[in-house]
Structure formats: C-alpha cells, structure tokens
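Hydrogens, waters and symmetry mates play no part in the numbers below; they use all other heavy atoms, side chains included. Below, chains carry the letters A, B, ... as their sequence lines are ordered, and counting in each starts from 1.
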Amino acid sequence: MDALSGFFAILDATLRVSTPLILAAMAGLFSERSGIVDISLEGKMLASAFAAAAVAAVTGSAWLALGTGILVGIALALVHGFACITHRGNQVVSGLAINILASGLTVVLGIAWFAQGGQTPSLGSGARFMPLELPLAEAARSVPVIGPFYSDVISGHNVLVYVAWLAVFATWWVVYRTRFGLRIRAVGENPLAVDTAGLSVSRLRYCAVAICGALSGIAGTYLSTAQNASFVREMTAGQGYIALAALIFGKWRPVPAMLACLMFGFLDAVAIRMQGVSLPLIGEVPVQAIQALPYVLTVILLAGFIGRATAPKAVGIPFLKER
Amino acid sequence: MSINTSSIPLPAWLEIGLIPVLNIVMALFFSGLIMLAIGVNPIEAVGIMINGAFGYDEAIGYTLYYTTNFIFTGLAVAVAFHANLFNIGGEGQAYIGGLGVGLVFLLLDKYLPMILLIPLGIIAAGLFGAAWAYIPAWLQAHRGSHIVITTIMFNFIASSIMVYLLVNVLIKPGQMSPETRQFDESAWLPFMHDVLGWFGMEVTRSPLNLSLVFALICCVFVWVYIWRTRWGYELRTSGQSEAAARYAGIKPKTVIITAMCVSGALAGFVAVNEIMGVHHRLLLNFTAGYGFTGIAVSLMGRNHPVGIIMASLLFGVLYQGGAELAFEIPTITREMVVAIQGLIILFSGALALMLRPWVVKVYLKFKPVDEVVPA
C-alpha cells in the first residue's frame, strides 16, 4: 500500500500544480481560437495574483480577492484587445508589453504599498481558499484503492481546483456546442466570412479576449490565495508560457490541452520527488532536464515530429474591415 | 466624408520624427501617473534620474555600459525584424553566447596570449548565440513551426541548461555559488578607465569596457549588411513579401536561417560585454532581461542602427538613473524601470499607430486633401 499512497500523493500534487495551468490554457484557448495570439497569459496571471493577494490582505476576503483578480485580468485583456483589435497592432509585441509591465508594476506597487520587498503580507486562512472535504471522503477511505483515491486525490482541494475542472467542461461546451462558440471559432479561421455574415469581428474578439482575461484572473488568484498564502515577486515563474505550450500541445482543443496541463503538472510533481534519487540504468536525472521537458516537447511537437499542431488560420493577423 | 487615414502619406519628419516621439511621451506620461500613484513626484524623479545617469563620470560609465548591452540586443531584434521574423529569444541566445565565452576561456586562457584570446572569445560568443538561434530558424524554415513560440521555449531551455551546467559541471570546485573560476587576466577585455588611463585621461572606475566600441562597429556592419549588400536586399525583400522574393529567385528558407543566425550572434555579443568585459567568469542570469529590452530598443529605434543607438542610450539612462532613483527614494525600486519598459513597448510597438489618425487630421488642416491624395 505504501507505493500506492506515494503514487496518490504525486497525483494529488499534480492536480494542485496543474490547476493554474489548466485555467490559463483555457484562457488562451478562447483568445487564440478567436484569432488573437496571447503570450500575455503570464503577465495577466502575475498581475491578478498580486491584485488578489493585495485585496485579500487588506479586506480579509478570499471572494473579494477573486473578484479583483478577475477584474484585473479582464482589464489587461482589454488593453491587449485595444492594441490588437482596435489598433491592429502586433499581437506578440502587445503581449510582451503586458508581461513586462506586469512584472515591473507588481513589484513597484508591492513595495510601495506593503514595504515587504515586493511580497504581500501573508494571508490568514480566512482570506484564502482552503481545502474542502468532499462528502463521504472519510467514509470511503476504507474501500480499497478507490477509497484512498477518492479521499486523497479527488477530495481535499480548494474550490478553485474544482472550478478549473468545471472550466474545461464549460470551455468545451461553449466552444463546440453554442452559437457563440461557433462564431468564435469562425472568427479565428475566417474573419471575412463572419464579417460578410453581418457579425462584428471586433465585438466577437473583444468578448473572447475578455473571457481569456477572466480565466487568467482566476488562475492568478489561485496562485497567491490558494496554492500559496501571499504574493511573491515573479511567482508565475513561466507558468503562463507552460500553459501556452500546453494549449499548443493540445492542438487548441480544451480536453487535450487539459491533458497536456496534467502531464506537465505531473512532470513538475515528479521532478520535486526525483531530486537526488538515482534511477536504475539511467542514474540521477537532473531536475533541470525534467523542468525543461515541457518546452522541449512543445518544440518537437511544433516541428511536426509528433503529430501536427495546426493553429487557427487567422491567428495573429489583424482584421481590416473593407470599406 | 470620413477618410481612411492610413492611406494618406505623411512627410518623413512627421512619420519617423514626431509620431515616435509622441509615442514615447505617452509612455512616459503613464509612467509619471504610476509614480504619482505611489506618492513620488515624477518631475523630481526625472531630475534624480538624469543626474544619476549623467551627473558624474562614474555615472556616465555605467549608463554607457548598459547602453552597450542594449545596442547588441536591439540590433539582434532589428535584423530579424527586417526579415519579418520576431526573435524573442535574444535572452537565451545571449545566455548561450556566454557559455561559448566561458568554455573557450576555461580551456585556453592559461595557454594563449591576449591578442588571440579576445578575438576567440568574441567569435565564441557570436557562434554560440548563432547556434542557439539556428535551431528555431531551421525549424521555422523547414518544419513551419512558429519562430515566436520556439524562441520563447528556447529561452527556458537555455536557462535550464545553464543552471545544470553551472551547478553541476562548470562550478569552481569547493565553492557554494554556481559560478566558474575567474578567467586569467589575459582574457579580460580592457576597461574603458584603463584604456583612457593609457592616454593620460583620469576617469573613475566603472564597468564600461571596450565592448562599447565593438557595439558601435556592429552598428556600422548591420547598416551595411541590411542596406548595402545583396544579402541585406534579399533579407528585406523576403521580409516584405515572401512571394515576391521567391519570384525574384531569392530562397526564403536561406534568408530565414541567415537572418536568425546573424541575429543570434548579435545577441550572443552581450556576453562580450558582460562576461569578457565585466564579470570575468561565467555566472547565472548575467543576461538580466537585456534580451527582452532589446525588443523595446528595436521598436523605439525603428529597426535602424542610428535609432537603436539613441534608444539604447535612453534605456541606459533609465537603467542607471533608475538604480540611482531606487537609492534616493526608498519607496521606489529598480523595477520601476521594468514597468516603464513595458509601457514603451506598448506605446512604441503595439500602439505605434494609435496617434497617427490624429496627426493626419491636424496635418490636413494645414494642407488640403486633394494636394496630399492624388485623385
């Protein structure tokens, strides 16, 4: 049973580290499916994480923190939209600007407001999203294998972890089963056709970008008020880019993107436990090798060596309405 | 009648003079708002920054030392931009360029004279940087994977490799911090205060070294390369229209790979300034975001060497003045400069054309439409 519980502990950690990735990947999915490249997931998460932690520290309410995180995410997404949709600016440049702005501003404001070297004050349990015990978790523990799986892996996470699962389902449903989703996909493939059909390309793209902002806001809030108990400078540490990699890995589809996030999260969870452990035949695997694996895999995938990742056709191209 | 302003030509002094300046003014205006929000007087801050960047000779040395890095990374981004490629990987290419310098010097610094070591170091920095850009370039040219995404991924991969090598392989034995041993003094690029000392000029010590001269030489080379050679012509043609380039017998694949290798080599030269000129050992994170700043520099400088020198100087002032500002005013930190950088990229890059319709409207007030637009 020891090996099994160890494995369950890794799975449990996988879910915890994959959650922000999943939320951010779904965020990126809306934006990129509508034709707007979004490398600013990282910056939006960072800014939201800071805003949420700041609000939670001041008000002591985790829900207010979540609301603020979402609003900040949407605000930055609208800046991205303003540059890319209204002014047809370069989408990569705009995304990069948001990342750099967030990376600087969070530290500047953090030091000015809290004077703790860029950190926010650490949050009490009331101001955070605390683990929830799912019904029957204790009772089910006695059932072999499935019982511990339910009580150790599925149960005992905070509410945002379950929100992330819900977000995957919701994204799938919206993108593939609603009229709005059809239009979002169409505007990312052939905006001219959507325009000809009498719909506003800008409006649809602004909607998609705003949803993207809200989801990255939840991801950021999770980092600073659920996974950790304060904001730390640069706390996203490339997770926005990993989410982007997962999105590409999942070929811009919700469920495969989620699986890619889980895989990257699993690698991360394993990497921590592999430190200093010598494997038979291979020897000690450097932690850095496992950390770099998501990026390496994405490059290999993009090169078409394991399947083809085809981006939405109109992604990155500004739409100019004919006059 | 509403006019489509984007089709109205503007005279050069408006297009490449006024509009870029207005964009920077916008970025600085918002930076001022941020300062006001944290209770710092922006005018006072600008005073401290300018004094901290130019006020005394050590400050000027530091300003120009930062400028050197930005010229290299700015040129790197610009060369790729001319081929319509977006190289976000300057950071990783500079990092790996440092690896090249480190390996060459760790192997040879005891055996060769300075006259050979310095050129070898420069070549190694360029070659390693170019090699790190070659892979994304090859993948873009032959496998169609998007250069932006691959260069981002390569930044992270470079960082992992460097951490691994410095922590496990290249670290000086018996030392805690992940750094190599110091190189032999014959491998050091001379400091500017030493060089000026040879000519009898006394200046305070600063990290400024001969790399600045090398950076300015690179500017001339890049200008010649892009505007005065066949390769530069092919690069620009392919950047403007791949189809036209192919029709003219230019091979876009070769252009992509050449442009990215030149770009990567230029980014790798950051290591010449940092590793050969200042630190004299290989260490973690010596690139410190200079690769990303290069994007801001290139956008501000309109991808032209002269513009890049001016933009690099502005960022040199921001970095050195920002350090001084953080020292003088405790509520402000060096990250303020990062935020300003973000705003400059936003306004000079993504929103570069935001103000153009307004400028066109004002311009048309002074010139009748039928004179500007041929009927």
Side-chain angles (χ1 to χ4, degrees), chain A residues 37 39 43 79-80 82-84 86-113 115 117-118 233 238 241-242 244-245 248 286-296 298-299 301-305 308-309 311 316 320 323, chain B residues 2 4 6 34-35 37-40 86 88 135-136 138-139 142-146 148-150 152-165 167-168 289 292-293 295-296 299 330-354:
Chain A
V37 170
I39 66 164
V79 171
H80 190 49
F82 180 69
C84 303
T86 307
H87 288 287
R88 302 194 301 279
N90 185 319
Q91 303 176 0
V92 176
V93 172
S94 166
L96 192 74
I98 289 170
N99 285 344
I100 293 178
L101 183 62
S103 145
L105 207 52
T106 48
V107 179
V108 169
L109 294 180
I111 286 179
W113 290 346
R233 56 164 76 191
Y241 291 112
I242 299 224
L244 189 65
I248 297 166
V287 194
Q288 292 84 13
I290 304 175
Q291 280 166 350
L293 206 52
Y295 306 114
V296 176
T298 306
V299 169
L301 175 90
L302 271 174
F305 293 121
R308 260 252 163 250
L320 180 62
R323 292 188 185 254
Chain B
S2 84
N4 184 0
S6 58
I34 297 173
M35 288 196 193
I38 59 172
V40 174
F86 198 157
I88 295 202
I135 311 170
W138 187 89
L139 290 172
H142 293 275
R143 311 290 307 191
S145 43
H146 204 289
V148 169
I149 307 288
T150 29
I152 290 176
M153 303 294 142
F154 265 64
N155 283 340
F156 286 103
I157 299 172
S159 161
S160 292
I161 291 178
M162 292 299 279
V163 172
Y164 172 73
L165 287 178
V167 171
N168 299 300
F292 293 117
T293 313
I295 295 165
L299 289 168
T331 47
I332 217 161
T333 49
R334 295 200 66 170
E335 276 74 12
M336 187 68 219
V337 176
V338 180
I340 297 177
Q341 189 181 326
L343 288 169
I344 289 182
I345 297 182
L346 187 65
F347 284 103
S348 303
L351 290 170
L353 300 176
M354 181 173 69

B/R143 and A/A303: which non-hydrogen atoms are nearest, and at how many Å? NE-O, 2.7 Å
So which of B/T331, B/T333, B/V40 has the largest heavy-atom pair count under 4.5 angstrom toward chain A? B/T333
Would you say the side chain of A/I242 lies within less than 4.5 Å of the side chain of B/F156, judging by non-hydrogen atoms? no
Nearest 0.5 Å, what's the CD1-CZ distance between A/I111 and B/R334? 12.5 Å
Chain A heavy atoms under 4.5 Å from B/I295: which part of the residue, side chain, backbone, both or neither? side chain
If one checks every heavy atom of A/I39 against chain B at 4.5 Å, the contacting part turns out to be side chain
Which heavy atom in B/M336 sits nearest to a heavy atom in A/V108, and how many Å separate them? N-CG2, 3.2 Å
Please look at A/L293 and chain B and tell me whether the side chain, the backbone, both or neither of the residue comes under 4.5 angstrom of a heavy atom of that chain. neither
When the 4.5 angstrom heavy-atom criterion is applied to B/I344 and chain A, the contacting part is neither
For A/V79, is it the side chain, the backbone, both, or neither that has a heavy atom closer than 4.5 Å to a heavy atom of chain B? side chain
Search all heavy atoms of B/S145 against all heavy atoms of A/L302 and return the closest pair with its distance. CB-O, 3.2 Å
Are the side chains of A/L109 and B/I38 in touch, meaning some heavy atoms are under 4.5 Å apart? yes
Which heavy-atom pair separates B/L346 from A/S94 by the least distance, and what is that distance? CD1-OG, 4.5 Å
Where do A/A97 and B/I345 come nearest, in terms of heavy atoms and distance? CB-CG2, 3.7 Å
Contact between B/F292 and A/N99 at the side-chain level, heavy atoms closer than 4.5 Å - yes or no? no
Write down the atom of A/V299, the atom of B/I157, and the distance for their closest heavy-atom approach. CG2-CD1, 4.5 Å
Could you give the distance from OH (A/Y295) to CD1 (B/I152), rounded to the nearest 0.5 Å? 10.0 Å
Residue pair B/N155 / A/Y241, side-chain heavy-atom distance below 4.5 Å: no
Can you tell which of B/A37, B/A339, B/G289, B/A296 has the highest number of heavy-atom pairs within less than 4.5 Å of chain A? B/A339
Where does B/Y164 contact chain A at under 4.5 Å (heavy atoms): side chain, backbone, both or neither? both
Per-residue contact mode, B/F347 against chain A (heavy atom under 4.5 angstrom): neither
Would you compute the distance between atom CG of B/L353 and atom CZ of A/R88 and round it to the nearest 0.5 angstrom? 8.5 Å
For the residue pair B/E335 and A/L105, establish whether any side-chain heavy-atom pair is separated by less than 4.5 Å. no
Among A/I98, A/L244, A/T106, A/L96, which residue forms the greatest number of heavy-atom pairs with chain B at distances under 4.5 Å? A/L96
Once rounded to the nearest 0.5 Å, what's the spacing between atom CD1 of A/I100 and atom CD1 of B/I340? 13.0 Å
